[in-house]
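What follows is one structure encoded as structure tokens, with my remarks underneath.
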Amino acid sequence: MKRIAVLTGGGDAPGLNAVIRAVTKTAINLHGCEVLGVRDGYDGFINADGIMPLDLGAVRGILPRGGTILGTANRGNPFARKIIRNGKEVVVDVSDEITAAIKKLQLDALIVIGGDGTLHIAMELAAIGVPVVGVPKTIDNDIGGTEVTFGFDTALMIATEALDRLHTTAEAHHRVMVLELMGREAGFIAMHAGVSGGADVILIPEIPFRFESVIKKIQERTQTGAHFSLLAVSEGAWHLGGQPVFNRSGDAIYVPRLGGIGQEVGQYIQAQGFETRVTVLGHVQRGGSPTAFDRWLATRYGAAAVRVAAAGGFGQMVALRNAQVIPIPFSEALAVPKRVDLNSDGVLTARGLGISFGDE
Ligand code: F6P
């Protein structure tokens with residue numbers, strides 16, 4: 001390999017810079033490669049000034065930094081790019097421009113760090129001959145084929161700390177505290193943080209809930225002398241007979257965004273006579289410095305991606321399996337999005353502890 005490029009796409013997650021650093025250092029140290037950074041996701045291939053050189057100096061000091069030094073974009077699908085032309089939405093395929101740019105740059109490999117959407121694009125690019133290797137990123141932990149994505153552990157830590165803080169004020173005021181957490185259609189953040197932060201009720205998209213069941217749990221607690229309750233609510237949670245709640249509808253450029261279920265749940269509980277407050281943790285979950293685990297995982301993913309590229313293993317994504325980082329085909333990783341397994345020991349553990357999922 002003489003020249004490789006790296007890009008970050010989709011929503012940011014703590015640990016992106018750790019991957020960029022590991023890719024750059026490994027490629028330079030082991031292969032004497034020239035490394036390029038692509039700015040703002042795939043858009044960097046077509047934007048002016050979209051490519052920047054990455055040397056050892058450029059990645060110095062970025063390991064603990066949140067965000068991404070390359071910038072990212074979560075609406076730049078080159079195969080179906082939505083743009084407004086003359087006031088109307090048009091979808092254009094600019095993948096030719098991307099492949100032409102990659103050829104012109106004479107890239108021997110492209111390392112794509114992203115979530116579901118970004119990696120699907122990487123798979124499509126691999127199918128048309130682009131030498132791509134993927135690295136799974138997302139706080140949502142919803143990518144198949146890998147036990148965990150980097151970014152999840154940090155989000156979990158922040159969400160758990162938020163629950164701890166809400167716990168003390170809930171107890172002091174005899175209130176119900178509802179914490180709405182991210183995760184899209186996957187309930188991992190709410191589920192893991194809920195257990196780790198001692199929530200009494202965890203609502204996740206994988207288990208549609210009933211309001212009556214949530215109230216039952218709060219009443220039970222009151223009857224046993226616990227005059228406060230803590231709820232971890234995934235943004236994708238929905239009640240039986242209802243549907244997921246969106247706080248921003250889709251338009252020509254943006255995809256719809258989940259949000260608002262925490263408020264709905266809070267209003268219902270308040271209407272039943274329990275003083276309730278709602279907190280939406282939002283993008284706090286994505287910001288700031290990665291945990292040691294995320295730095296460790298992100299670094300291993302980055303280094304492994306370079307090894308896979310050097311061995312010509314394109315069309316694959318690095319994944320964590322049985323504590324080892326291994327390459328797996330994109331097709332396997334992206335076949336089915338990962339969701340909370342209702343028979344997993346995590347769910348059984350929570351039920352055993354008396355945590356309500358709002359379904360009983
Ligand atoms: O996929 C990561 C994520 O943070 C989701 O948990 C959340 O639904 C979404 O991105 C928010 O997207 P945006 O940053 O575009 O508001």
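Quantities reported herein were computed from a predicted structural model and do not represent experimental measurements. FYI, side chains are in, hydrogens and waters are out, and symmetry mates aren't considered; it's all heavy atoms of this structure. Indexing begins at 1, ligand by ligand and atom by atom, following the structure's order.
- Distances shorter than 4.0 angstrom occur between a heavy atom of Gly183 and an atom of ligand 1.
- Counting protein heavy atoms only, atom 9 (C) of ligand 1 is closest to Arg184 NH2, 3.7 Å.
- Nearest non-hydrogen protein atom to atom 2 (C) of ligand 1 is Asp140 OD2, 3.3 Å.
- Nearest protein neighbour of atom 15 (O) of ligand 1, counting heavy atoms only, is Arg257 NE, 2.7 Å.
- Taking atom 7 (C) of ligand 1 as the reference point, the nearest protein heavy-atom neighbour is Glu235 OE2, 3.4 Å.
- At least one side-chain heavy atom of Ile20 sits less than 4.5 Å from a side-chain heavy atom of Leu54.
- Within the 4.5 Å cutoff, the side chain of Phe357 has heavy atoms near those of the Met191 side chain.
- Under a 4.0 Å heavy-atom criterion, Gln285 is not in contact with ligand 1.
- Side-chain contact of Thr291 with Asp153: a donor-acceptor pair under 3.5 Å is present, judged by distance alone.
- Counting non-hydrogen atoms of neighbouring residues, nucleotides and ligands closer than 6.0 angstrom, the NZ atom of Lys338 exceeds 12 such neighbours.
- Of all protein heavy atoms, the one lying nearest to atom 3 (C) of ligand 1 is Arg286 NH1, 3.4 Å.
- More than 12 heavy atoms of other residues, nucleotides or ligands sit less than 6.0 Å from atom CG of Asp341.
- Heavy-atom neighbours of Arg351 CZ from other residues, nucleotides or ligands within 6.0 Å: above the threshold of 12.
- In terms of protein heavy-atom proximity, atom 16 (O) of ligand 1 is nearest to His283 NE2, 3.1 Å.
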